2 protein chains.
Amino acid sequence: MGITKTELFSEVDNQIALAAKAFAHPARVAILHYILKTNACINSDLVQELGLAQATISQHLRELKDIGIIQGTIEGSRMNYCINPARWEEVRALFLGVFDQYLPGSPGGCC
Amino acid sequence: MGITKTELFSEVDNQIALAAKAFAHPARVAILHYILKTNACINSDLVQELGLAQATISQHLRELKDIGIIQGTIEGSRMNYCINPARWEEVRALFLGVFDQYLPGSPGGCC
DNA sequence: ATTATACATCGTAATATTGCAATAATGTAA
DNA sequence: TTACATTATTGCAATATTACGATGTATAAT
């Protein structure tokens with residue numbers, strides 16, 4: 001159907017899935033990389049950097065903002081997007097929590 | 001359009017986006033958690049564990065297998081899915097590479 | 001005031017994803 | 001062989017996502 005049965009899953013699983021969507025499209029990863037590199041960015045820069053239309057980038061930025069991983073402050077007629085440190089750490093912790101459940105030297109009782 | 005313009009983005013960004021899709025749906029996160037917990041699993045177990053139809057779970061398992069993060073070995077008429085250690089480490093490294101670009105005490109030159 | 005710049009939002013078209021019933025395929029048990 | 005158990009695949013139907021032109025809004029520049 002295309003609709004996710006959110007109610008079937010644990011709070012953590014839903015949280016991780018939500019956070020993962022920030023990284024689940026290369027444009028958003030590229031945006032994050034760009035923000036991280038320049039440590040501040042504006043929408044019009046990204047239109048040059050990536051080859052996507054302004055409306056498309058604005059949409060991706062909004063998704064990242066909805067997820068909470070970035071925040072934007074108005075600077076005159078420009079927007080200043082940057083990482084939301086608290087949320088970044090939160091998302092980082094969510095993923096580390098998963099990754100750390102399987103380490104190279106895990107028991108390994110099957111295939 | 002719904003089509004991702006893969007050719008616009010770097011190899012790494014595309015790789016990360018691909019890997020992120022493993023975590024971008026709560027059912028797949030739940031499946032991974034279950035595999036990690038039991039360190040081996042079969043499809044029918046998951047049908048009990050999660051509330052999804054067998055066909056749906058089989059489909060999610062295939063996506064995880066396509067991404068490479070799990071592998072399945074045939075055991076009689078059952079399947080034994082488990083983590084693919086090499087790929088797991090690869091994906092882990094991809095994400096750590098992103099997360100480590102912003103640490104709590106980063107420069108923070110903007111908002 | 002007019003024009004330009006920078007983003008956001010809306011509407012829409014196209015593709016992708018999710019979910020499941022039905023069915024196929026394969027192995028096991030009787 | 002027949003019947004059963006387990007998983008994969010197919011074929012939809014419904015929702016979600018991606019992309020962009022057009023338009024709206026607010027500030028800045030002339």
Side-chain angles (χ1 to χ4, degrees), chain A residues 1-9 13-14 17-18 20-31 34-35 40-67 70-82 110-111, chain B residues 1-9 13-14 17-18 20-31 34-35 40-67 70-82 110-111:
Chain A
M1 294 169 194
I3 187 172
T4 294
K5 293 193 158 180
T6 307
E7 74 280 4
L8 289 181
F9 311 106
D13 290 345
N14 282 316
L18 184 72
K21 287 186 182 174
F23 304 99
H25 192 286
R28 291 195 287 275
V29 178
I31 288 172
Y34 188 72
I35 294 184
C41 86
I42 57 172
N43 192 329
S44 59
D45 281 356
L46 287 168
V47 177
Q48 305 303 313
E49 195 75 9
L50 318 178
L52 292 170
Q54 182 265 325
T56 307
I57 289 176
S58 194
Q59 195 175 318
H60 281 303
L61 284 167
R62 189 152 79 91
E63 280 168 61
L64 289 171
K65 209 171 69 176
D66 285 347
I67 292 168
I70 66 171
Q71 62 197 178
T73 55
I74 301 173
E75 196 170 284
S77 68
R78 298 188 178 182
M79 278 301 286
N80 229 326
Y81 283 108
C82 63
C110 78
C111 46
Chain B
M1 297 171 192
I3 187 171
T4 295
K5 293 193 159 181
T6 308
E7 74 280 5
L8 289 181
F9 312 107
D13 290 345
N14 282 317
L18 184 72
K21 287 186 181 174
F23 304 97
H25 192 286
R28 291 194 289 273
V29 178
I31 289 173
Y34 188 72
I35 294 184
C41 85
I42 58 171
N43 193 330
S44 60
D45 280 357
L46 287 169
V47 177
Q48 306 303 312
E49 194 76 9
L50 317 178
L52 293 170
Q54 182 265 324
T56 307
I57 289 177
S58 194
Q59 194 176 318
H60 281 304
L61 284 167
R62 190 152 80 92
E63 280 168 61
L64 288 170
K65 209 172 68 176
D66 285 347
I67 293 168
I70 68 171
Q71 62 197 178
T73 55
I74 302 173
E75 195 170 286
S77 68
R78 298 189 178 183
M79 279 302 285
N80 230 325
Y81 283 107
C82 64
C110 78
C111 46

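For clarity, every value in this text was computed on a predicted model and none was experimentally measured. All chains are named by letter (A, B, ...) in the order of the sequence lines, taking the proteins before the strands, and each is independently numbered beginning at 1.
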B:Glu63 CD - D:dA8 P separation (whole Å):
13 Å
Restricting to nitrogen or oxygen on both sides, can you table the protein-nucleotides 5-12 of chain C pairs closer than 3.5 Å?
from, atom 1, to, atom 2, distance (Å)
C:dA6, O3', A:Ser77, O, 3.4
C:dC7, OP1, A:Met79, N, 3.1
C:dC7, OP2, A:Ser44, N, 2.7
C:dC7, OP2, A:Ser44, OG, 2.8
C:dA8, OP1, A:Tyr81, OH, 2.3
C:dA8, OP2, A:Asn43, ND2, 3.1
C:dA8, OP2, A:Ser58, OG, 2.6
C:dA8, N7, A:Gln54, NE2, 2.9
C:dA8, N6, A:Gln54, OE1, 3.1

Separation of D:dT18 P from B:Asn14 CG (nearest whole Å)
13 Å
Would you say B:Thr73 and B:Met79 make side-chain contact, with heavy atoms under 4.5 Å?
no
Taking side chain to side chain donor-acceptor pair (under 3.5 Å) as the cut-off, I'd like each qualifying pair that reaches into residues 45-58 of chain B, sequence neighbours left out, listed once.
none
Between A:Ala24 and A:Glu75, which has a closest nucleotide on DNA chain D that is more 5'?
A:Ala24
Sequence neighbours excluded, the answer for side-chain contact (heavy atoms from CB on, under 4.5 Å) partners of A:Glu63 is A:Arg28, A:Gln59, A:His60
The residue, B:Gly76 or B:His60, whose nearest nucleotide of DNA chain C is more 5′ is B:His60
Round to a whole Å and report the spacing from NE2 of B:His25 to P of C:dA16.
17 Å
Residues forming a side-chain contact (heavy atoms from CB on, under 4.5 Å) with B:Asp66, sequence neighbours excluded:
B:Arg62
Counterpart residues, side-chain contact (heavy atoms from CB on, under 4.5 Å), relative to B:Leu50 (two or more places apart):
B:Ala30, B:Ile31, B:Ile57
Name all residues meeting the side-chain contact (heavy atoms from CB on, under 4.5 Å) criterion together with B:Thr6; count only those two or more places apart in sequence or in a different chain, and write none if there are none.
B:Thr4, B:Asn14
A:Lys21 side-chain N/O to D:dT17 phosphate OP1/OP2 under 4.0 Å
yes
